[in-house]
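Reading through the structure tokens given below for one structure.
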Number of protein chains: 2
Amino acid sequence: MIRLSRLSDYGIVLMTRLAREPERALPASVLARESAVSPAMTGKILKLLARAELLVSHRGAHGGYALARAPERITIAEIIEALDGPIALTSCLRPSAEGCGIEALCPARTNWQRINRAIRDALAEVTLAEMARPVLEFGPAPFVSEHASPAVRDPAALAGTS
Amino acid sequence: MIRLSRLSDYGIVLMTRLAREPERALPASVLARESAVSPAMTGKILKLLARAELLVSHRGAHGGYALARAPERITIAEIIEALDGPIALTSCLRPSAEGCGIEALCPARTNWQRINRAIRDALAEVTLAEMARPVLEFGPAPFVSEHASPAVRDPAALAGTS
DNA sequence: ACCAATTAGAACCGGTTCGGTTCCATTTCA
DNA sequence: TGAAATGGAACCGAACCGGTTCTAATTGGT
């Protein structure tokens, strides 16, 4: 399954916690405790997020981490890219020069980019603010096309998480 | 990075090859050769796709595989699900009953489902027919929102594949 | 000046997963 | 009956990844 790495998973949880009190800086220890993520992992993740400039850090006593921007301006896509690298499904055509050798019969190449964009856009349209917001405030999702493709008929696939 | 498994990658290539001649059944050996995928892997993948009823197989001499439906009615989402299981990014909330223990401060749960749906829909809107079609026929992608989120500014992320 | 709190960064390790192969059984056609 | 195929399972090695640990650098308080 196209699964998200634990790194990104935890990262989003931590960022969501910070989004509840933007402006305020919290030390890693507190974030770890309140988010139920191990302190070691929390440290690792926060460092990566700081390096990616999604967080600002303050060292020394009473140091900590705070969001670098307003939660409305931080997207899930950015968090994932900061922790797991670029969002791209493709492994068919590597950046290497040689190509995959079957380009002639592989018009899929350019089409992959469309898929990648679609996914990336989907991720880029969800902000931290939305993730932090209590769920009931939402109306129907505006960016998700409601009409499932007719060929798609496995409702269990959507159930995924309990 | 949110990467696609090799299984799905190869699977899509193989299916794309079959989509070039729907109706016609081809043996695994031929598909392997023409798609530059190892015969062993090809066999494994085709068996999985057949079991998922995306392909119909014919055993014995002069046997082979053919698309179970018209390429227009087979989506990338189906292929991926057949080979890699359900498309769901979430690892935060497992289907297990216990929950993750921090539900109180984790309103993200329901929001994840929106993300999952968005991604799955993006994948479900790309058909095999589109993947097989020569790239030049496409106009601008209709299902991809053209306006990139302002917070998103890393063009390299789209470059991904050479 | 010193100590405690805190982040920065790298190295490291064990285990799971996954790409890939191999083997054998079954079906089908000539 | 034998060759050509698929069906299905087991198996293996290795890369990746979740997670830890250690040391250095920075800062605030006393």
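Letters A, B, ... are given to chains in the order of the sequence lines, protein chains preceding strands, and every chain is numbered from 1.
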Between the protein and nucleotides 10-13 of chain D, list the N/O to N/O atom pairs that are separated by less than 3.5 angstrom.
none

Heavy-atom closest pair, residues B:L83 and B:G11: CD1-CA, 3.8 Å
Minimum heavy-atom distance between A:P39 and A:A32, given as atom pair plus value: CA-CB, 3.8 Å
How close or far is atom [atom2] of [N] from atom [atom1] of [X], stated in whole angstroms?
X     : N      : atom1 : atom2 : value
A:M41 : C:dG9  : CE    : C1'   : 14 Å
A:L4  : C:dT17 : CG    : P     : 16 Å
A:D84 : D:dC17 : CG    : C1'   : 10 Å
B:E53 : D:dT6  : CD    : C1'   : 16 Å

Annotated protein contacts, base or backbone, on nucleotides 22-30 of chain C with a non-hydrogen cut-off under 4.0 Å, one of B, S, - each: B---BBBSS
Interatomic spacing from CG in A:L123 to CD1 in A:I119 - rounded to 0.5 Å: 8.0 Å
Spacing of B:L128 atom CG and B:L18 atom CG [to the nearest 0.5 Å]: 8.5 Å
B:P39 or A:Y65, whichever maps to the more 5' nucleotide of DNA chain C: A:Y65
Short side-chain to backbone donor-acceptor contact, B:E130 and B:T127, under 3.5 Å: yes
Pair A:R20 + A:E34, salt bridge at N-O below 4.0 Å: no
Side chain to side chain, A:R69 and A:E78, heavy atoms closer than 4.5 Å: yes
B:K44 side chain reached by B:K47 side chain, heavy atoms, under 4.5 Å: no
Which listed nucleotide ([options]) is nearest to the side chain of [X]?
X     : options               : answer
A:Y10 : C:dT7, D:dG19, D:dT20 : D:dG19
A:P27 : D:dG18, C:dT21, C:dT6 : C:dT6
A:A28 : C:dG19, D:dG7, C:dT7  : C:dT7

Which pairs of donor and acceptor atoms, one on a side chain in residues 55-67 of chain A, lie under 3.5 Å apart (sequence neighbours left out)?
none

Sugar-phosphate, base or nothing in reach of A:S29, heavy atoms under 4.0 Å: nothing
Sugar-phosphate, base or nothing in reach of B:G43, heavy atoms under 4.0 Å: nothing
